[in-house]
Amino acid sequence: MRKKTVRDIDAKGKRVMVRCDFNVPLDKQGRITDETRIEFSLPTIRYLMQQGAKVILTSHLGRPKGAVAESMRLDPVARSLSGYLKISVPKLNDCIGPEVEAFIGDMKPGDVVLLENTRFHAGEEKNDPDFSRALAGLADVFVMDGFGSAHRKHSSAYGVAEYIPGVAGLLMAEEIEKLGSLFEHIEHPMTMILGGAKIDTKIGVIEKFVDKTDTFIIGGGLANTLLFAAGHEVGESLVEKDKADVARSLMKSIEVQGKRVLLPDDIIVSDTVDEHSETANIPLRFIHPKLKILDIGWKTTEKASEVIRQSRTIVWNGPMGVYEYGPFARGTRMIAEETARSPAKTILGGGDTVDALKNFDISFDQYTHVSTGGGAMLEFLEFGSLPGVDILQDAD
Ligand code: ADP
Ligand code: MG
């Protein structure tokens, strides 16, 4: 189903609320360490400025849990946007309320304003109708451009469009089009590479892809949980012990369907996690209870590369290790390079996965599609749509 996009509306002079994904990584000093998400949001913002819209930007950042958190204010994002857009983008101290209304009332066509972190309000994640209505009251049209948030029914990404017309932004439209067509006909063998840290969300995903996938390559924190569930010692690794039952039933269903799972059987371990960590590459069974598993080992990487070379469709979300630090980046880098070389259809996504590619200086052009969403990408591939897409107006 095609959705209306920002190109299908007359935005001139209108108050247009654009939901972006400005959930950028910040360092301890509050500086943005990767601006990819901001860069991805620029085409829609620039387009609306040129059309003479009053551009009202919204986003969440981090997990402030419904209260103001000084470290999660959007000021660094406003500064970054000002640089890219070559205008001063003001950031307000709230995202609803009389001061916000007054500011927007004074906006001129072509102006841009950034509202404060939507998750400072408890209503946001509950998709609370009052909060959604308050946001919707600030604008004439809603533009959804935060693909990475489109799988959640939150007020600023979903609820607003229940009260004012919603259309897709340029980034959003491209994601919908590319991901929609890529997965219509899956060429086999299909390999799904999963890693990263958000274990509970990813375990569910595997379950749903078991019938479509031929081989799962699993690394990162996710692998630790599966290994732990299978009875292996994992030392002090990141692991969700309370997910062991889910993990076991998952492994069972993969087995029953005769699919292959590649879990690390050699690992990179250390007792510290920083740039200077001393590491060892050891067989899984040699792990010491005081050590952490921080990357997949060389042999496992080689086996994974072999699977990648034989695949015709590859879907990847989540780094294989703590790629942020040199000593634990190798597994992720090797998988990224092997996938880049592959002539298969390659679909990658996730904030950290994309961040890793940037760190490794691998061009996005080498992949069929690089998605800004991790969870959102997987859910879209699974269901063919997302709540934040469904709620938008259909194209004529
Ligand atoms: P994405 O953003 O691509 O969807 P996630 O957010 O799920 O990925 O996971 C990324 C995080 O997982 C990174 O910060 C990385 O350091 C972490 N990670 C990967 N492997 C491990 C591991 N073995 N132990 C701890 N953290 C890990
Ligand atoms: Mg992430």
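Predicted, not measured: the structure shown is a model, and the values here were computed from it. Ligands are counted one by one from 1 in listed order, and the atoms in each one are counted from 1 as well.
For the pair K358 and E39, the salt-bridge criterion is met [side-chain N within less than 4.0 Å of a carboxylate O]. Under the 4.0 Å criterion applied to side-chain N and carboxylate O atoms, D394 and K3 are assigned as salt-bridge partners. Salt-bridge annotation for E70 and R73: present, with a side-chain N of the basic residue lying under 4.0 Å from a carboxylate O of the acidic one. Comment: D21 engages R37 in a salt bridge, judged by a side-chain N to carboxylate O separation of less than 4.0 angstrom.
Of all the heavy atoms of V354, none lies under 4.0 Å from any atom of ligand 1, so neither backbone nor side chain is involved. Under 4.0 angstrom from ligand 1, the non-hydrogen atoms of K202 all belong to its side chain. Contact annotation for D355 and ligand 1: no heavy atom of the residue comes within less than 4.0 Å of the ligand.
Note on D352: its N/O/S atom closest to the Mg ion (ligand 2) is OD2.
Atoms of ligand 1 lying under 4.0 Å from any heavy atom of G196, numbered from 1 in the order shown and given with element: 7 (O), 9 (O), 10 (C), 12 (O). Ligand 1 places these atoms under 4.0 Å from at least one heavy atom of L238: 24 (N), 25 (C), 26 (N). Near N224, meaning under 4.0 Å from any of its heavy atoms, are these atoms of ligand 1: 23 (N). The ligand atoms of ligand 1 that sit less than 4.0 angstrom from a heavy atom of N317 are 1 (P), 3 (O), 4 (O).
At the top of the distance list for atom 14 (O) of ligand 1, counting protein heavy atoms only, stands E324 OE2, 2.5 Å. Protein heavy atom at the shortest distance from atom 3 (O) of ligand 1 is T353 OG1, 2.6 Å. Regarding atom 6 (O) of ligand 1, its nearest protein heavy-atom neighbour is D352 OD2, 3.0 Å. Atom 17 (C) of ligand 1 has its closest protein heavy atom at A197 CB, 4.0 Å. In terms of protein heavy-atom proximity, atom 27 (C) of ligand 1 is closest to V322 CG2, 3.6 Å.
Checked by distance only, ligand 1 and I293 come closer than 3.5 Å through their nitrogen or oxygen atoms. Remark: ligand 1 and Y323 share no N or O pair separated by less than 3.5 Å (distance only, no angle test). Not one N or O of P319 is nearer than 3.5 Å to an N or O of ligand 1, by distance alone.
Screening R119, R19, H60 against S156 for a side-chain contact (heavy atoms from CB on, under 4.5 Å) leaves a single residue, R19.
Counting all heavy atoms, side chain and backbone alike, R330 lies closest to D295 at N-OD2, 3.4 Å.
In this structure the side chain of D94 never reaches within 4.5 angstrom of the side chain of F120, judged on heavy atoms.
Note that CG of L226 is 7.5 Å distant from CD1 of I254, once rounded to the nearest 0.5 Å.
Atom NZ of K259 sits in a crowded spot, with more than 12 heavy atoms from other residues, nucleotides or ligands closer than 6.0 Å.
When the heavy atoms of G321, G219, P25, G349 are ranked by distance to atom 18 (N) of ligand 1, first place goes to G321.
With Y323 as the aromatic partner, R333 does not meet the cation-pi criteria of under 6.0 angstrom to the ring centre and within 45 degrees of the ring axis.
Looking only at distances, a side-chain donor or acceptor of R248 sits under 3.5 Å from a matching main-chain atom of A229.
The closest approach between any non-hydrogen atom of G221 and ligand 1 is below 4.0 Å.
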